[in-house]
Amino acid sequence: MSAIITPAPDLVVAGAFHDTVYVSRDGGETWEGRGSGIEPANVYSLAAVESHGRRRLYAGTEPAHVFWSDDLGGRWTELPGLRAVPSVPRWMFPAPPHDAHVKHIVPDPRDRTVLYACIEQGALLRSRDAGGSWEELHGVDEDVHFLVIDPRDPARLYITGGNGCYATSDGGVSWEHRTSRHDPVGAYPDTLVLLPRDPDVMFMGAAGTDPVVWRKTHRAEARVCRSGDGGRTWEVLAGFPRATAAIEAMALEDCGRTVSVYVGTTAGDVYASEDRGESWARIASGLPPIAKYGHDRALMGL
């Protein structure tokens, strides 16, 4: 499941695997299905754009399609241009049913008509017209997971994927491959956040091995990594407990003098750090798996 908290008080939007979009107007106490027009109903990612008093929602699905709604999901309309790029016939996810999905949708914080879509596995895409048409950004591995934008400069982009972390300072014209499968960050970097007041400070959730290995060993060897130089170098944070589970959710809260980082795992645990990752505490356990569909089953040997 993916979820976003909008600027509107108590308004939360969530999308569910093998299901649709739900909206809560009371901070999550009650929910209403709002997925009319999304087909297939299998939501992987969500994004919201606020512009001139109007709120537009985007939803990404498996198989990989993108839909938009201007009425909080009362009606959704597909953006067919996503599937007009040349690489579409090659989009494929290794695990059954082998359908690629839109893992992450990221609006540009300065230009609300610019969107990025991470296709797992297939491509990194950009739209300059609010999703009407899309272009492929080349120079990165086709297994794209997450993208973040430097708030100081929207031409500075960072992505994680099955072949490591990449960065660009020219809007995707050229890319630097910052980590590989053989670096200490691990073979499978995934979640990625940056510190708004100092975007060179970044946190990444990763696994020591990739999901193909998980199915044999049932161990992800999760770790949290930190960079202080925009992803050029990384350190594995010793204070985070190495876990057989995988990290599949990450959030950062920058408030006053405190920088809090939160991670959720496939074992249903949530860990928090209040000191930029130096020390960690498990603040919740026994939750349903916080996972992309199937990763928790692979780690449990199911």
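Starting from 1, each residue takes its place in the sequence as its number. Excluded from the calculations below are hydrogen atoms, water molecules and symmetry mates; all remaining heavy atoms, backbone and side chain alike, are included.
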At what distance, to the nearest 0.5 angstrom, does CG of L137 lie from OG1 of T168?
8.5 Å
Does a side-chain heavy-atom distance below 4.5 Å link T77 with W68?
yes
Mutual orientation of the aromatic rings belonging to Y44 and H101 [parallel < 30°, tilted 30-60°, perpendicular > 60°]:
parallel
Candidate pair D183 and W234, rule side-chain contact (heavy atoms from CB on, under 4.5 Å), full reasoning:
CA-CA 9 Å; D183 291 327; W234 294 87; over 6 Å; no
When you look at H218 and T244, which way does the side-chain contact (heavy atoms from CB on, under 4.5 Å) test go after all the steps?
CA-CA 7 Å; H218 314 311; T244 58; over 6 Å; no
Is there a path of hydrophobic side-chain contacts, each under 4.5 Å between heavy atoms of I/L/V/M/F/W/Y residues, joining L57 to L11?
yes
For V148 and V193, what are the C-alpha separation, side-chain angles and deciding distance, and is it a side-chain contact (heavy atoms from CB on, under 4.5 Å)?
CA-CA 7 Å; V148 296; V193 296; 5.8 Å; no
Quick one, S36 with R75, criterion side-chain hydrogen bond (donor to acceptor under 3.5 Å, both in side chains). Give me CA distance, side-chain angles, the key distance, then yes/no.
CA-CA 5 Å; S36 178; R75 180 65 187 175; 3.2 Å; yes
Could you tell me whether a side-chain N or O of S227 sits under 3.5 Å from a main-chain N or O of V201, the two making a donor and an acceptor?
no
Start with the C-alpha distance between D200 and R152, add both sets of side-chain angles, then the distance that settles salt bridge (charged side-chain N to carboxylate O under 4.0 Å, His left out), and finish with yes or no.
CA-CA 10 Å; D200 287 334; R152 301 167 301 188; 3.1 Å; yes
Tell me whether R126 contacts the main-chain N or O of G171 through its side chain, where contact means a donor paired with an acceptor under 3.5 Å.
yes
Is there a path of hydrophobic side-chain contacts, each under 4.5 Å between heavy atoms of I/L/V/M/F/W/Y residues, joining L46 to V102?
no
Side chain to side chain, S69 and I38, heavy atoms closer than 4.5 Å
no
Who pairs with W91 by side-chain hydrogen bond (donor to acceptor under 3.5 Å, both in side chains), at least two apart in sequence or on another chain?
S87
Closest non-hydrogen atoms of P107 and A48, given as atom of the first, atom of the second and distance, are CG-O, 4.0 Å
Measure from the side-chain N and O atoms of D210 to the backbone N and O of Y188, and report whether any donor-acceptor pair falls under 3.5 Å.
no
Nearest-0.5 Å distance, OG1 of residue T160 to NZ of residue K103
7.0 Å
Looking at R25, I'd like to know if its CZ atom is crowded, meaning that more than 12 non-hydrogen atoms belonging to other residues, nucleotides or ligands lie closer than 6.0 Å.
no
Is it the case that the side chain of R83 and the backbone of V88 share a donor-acceptor pair, with hydrogens and angles ignored and the cut-off at 3.5 Å?
no
Under 4.0 Å between a side-chain nitrogen and a carboxylate oxygen: does that hold for R178 and D229?
no
Taking W280 as the fixed residue, which of Y262, F203, F240 is the one that meets the ring pair (Phe, Tyr, Trp, His ring centres under 6.0 Å) rule?
F240
Linking I/L/V/M/F/W/Y whenever their side-chain heavy atoms sit closer than 4.5 Å, directly or via other members, would V13 and L79 fall into one cluster?
no
In the single-linkage hydrophobic clustering (I, L, V, M, F, W, Y; side-chain heavy atoms under 4.5 Å), do V21 and L72 co-cluster?
yes
Minimal non-hydrogen separation, A206 against P189, with atom names:
CB-CA, 3.7 Å
Shortest non-hydrogen pair, Y116 vs P154, comes out as OH-O, 4.4 Å
Between Y166 and H177, is the ring-ring contact (aromatic ring centres under 6.0 Å, His included) condition met? List the steps.
CA-CA 5 Å; Y166 293 79; H177 194 185; 4.2 Å; yes
Under the side-chain contact (heavy atoms from CB on, under 4.5 Å) test against V270, which residue among T265, V263, I290 passes?
I290
I'd like to know if the side chain of S273 reaches the main chain of V261, judged simply by a donor and an acceptor atom lying under 3.5 Å from each other, with no hydrogens or angles considered.
no
Are the side chains of T113 and D129 in touch, meaning some heavy atoms are under 4.5 Å apart?
no
What heavy-atom pair brings C118 and L124 nearest, and what distance separates the two atoms?
SG-CD1, 4.1 Å
Using side-chain heavy atoms (C-beta onward) and a distance below 4.5 Å, is P109 in contact with P151?
no
Please report the interatomic distance CD(E253) to OG1(T258), rounded to the nearest 0.5 Å.
10.0 Å
Heavy-atom pair of closest approach, residues R34 and V23:
CG-CG2, 3.6 Å
Side chain H145, main chain D190, donor-acceptor under 3.5 Å
no
Is a donor on one side and an acceptor on the other found under 3.5 Å between the side chain of T191 and the backbone of M204?
no
Just wondering, do T209 and R219 contact through their side chains at under 4.5 Å, heavy atoms?
no
Between R56 and A47 (side chain of the first, backbone of the second, donor and acceptor by atom type, cut-off under 3.5 Å), is there such a pair?
no
Can you list the other members of the hydrophobic cluster that holds V212, where links are side-chain heavy atoms under 4.5 angstrom apart?
none
With a 3.5 Å distance limit and no angle check, can you tell me whether R226 reaches the backbone of V224 through a side-chain donor-acceptor pair?
no
Kindly assign one of parallel, tilted or perpendicular to the pair W214 and H295, based on the angle between their ring planes and the thresholds 30° and 60°.
perpendicular
Would you say R223's side chain and P184's backbone share a donor-acceptor pair under 3.5 angstrom?
yes
Examine V43 and V66 and state if one hydrophobic cluster contains both, with Ile, Leu, Val, Met, Phe, Trp and Tyr joined whenever side-chain heavy atoms are less than 4.5 Å apart.
no
Pairwise distance CZ(F146) to CD1(I159) - rounded to 0.5 angstrom:
12.5 Å
Where is the tightest heavy-atom contact between W76 and Y58, given as atom of each residue plus distance?
CZ3-C, 4.0 Å
Look up atom CD in E274 and atom OG in S279, then write down how far apart they are to the nearest 0.5 Å.
8.5 Å
Distance, nearest 0.5 Å, that separates CG of L125 from CG of L82
5.5 Å
Working for side-chain contact (heavy atoms from CB on, under 4.5 Å), residues R128 and D111:
CA-CA 9 Å; R128 300 179 187 270; D111 185 346; over 6 Å; no
Does E176 come within less than 4.0 Å of R232, counting only side-chain N to carboxylate O?
no
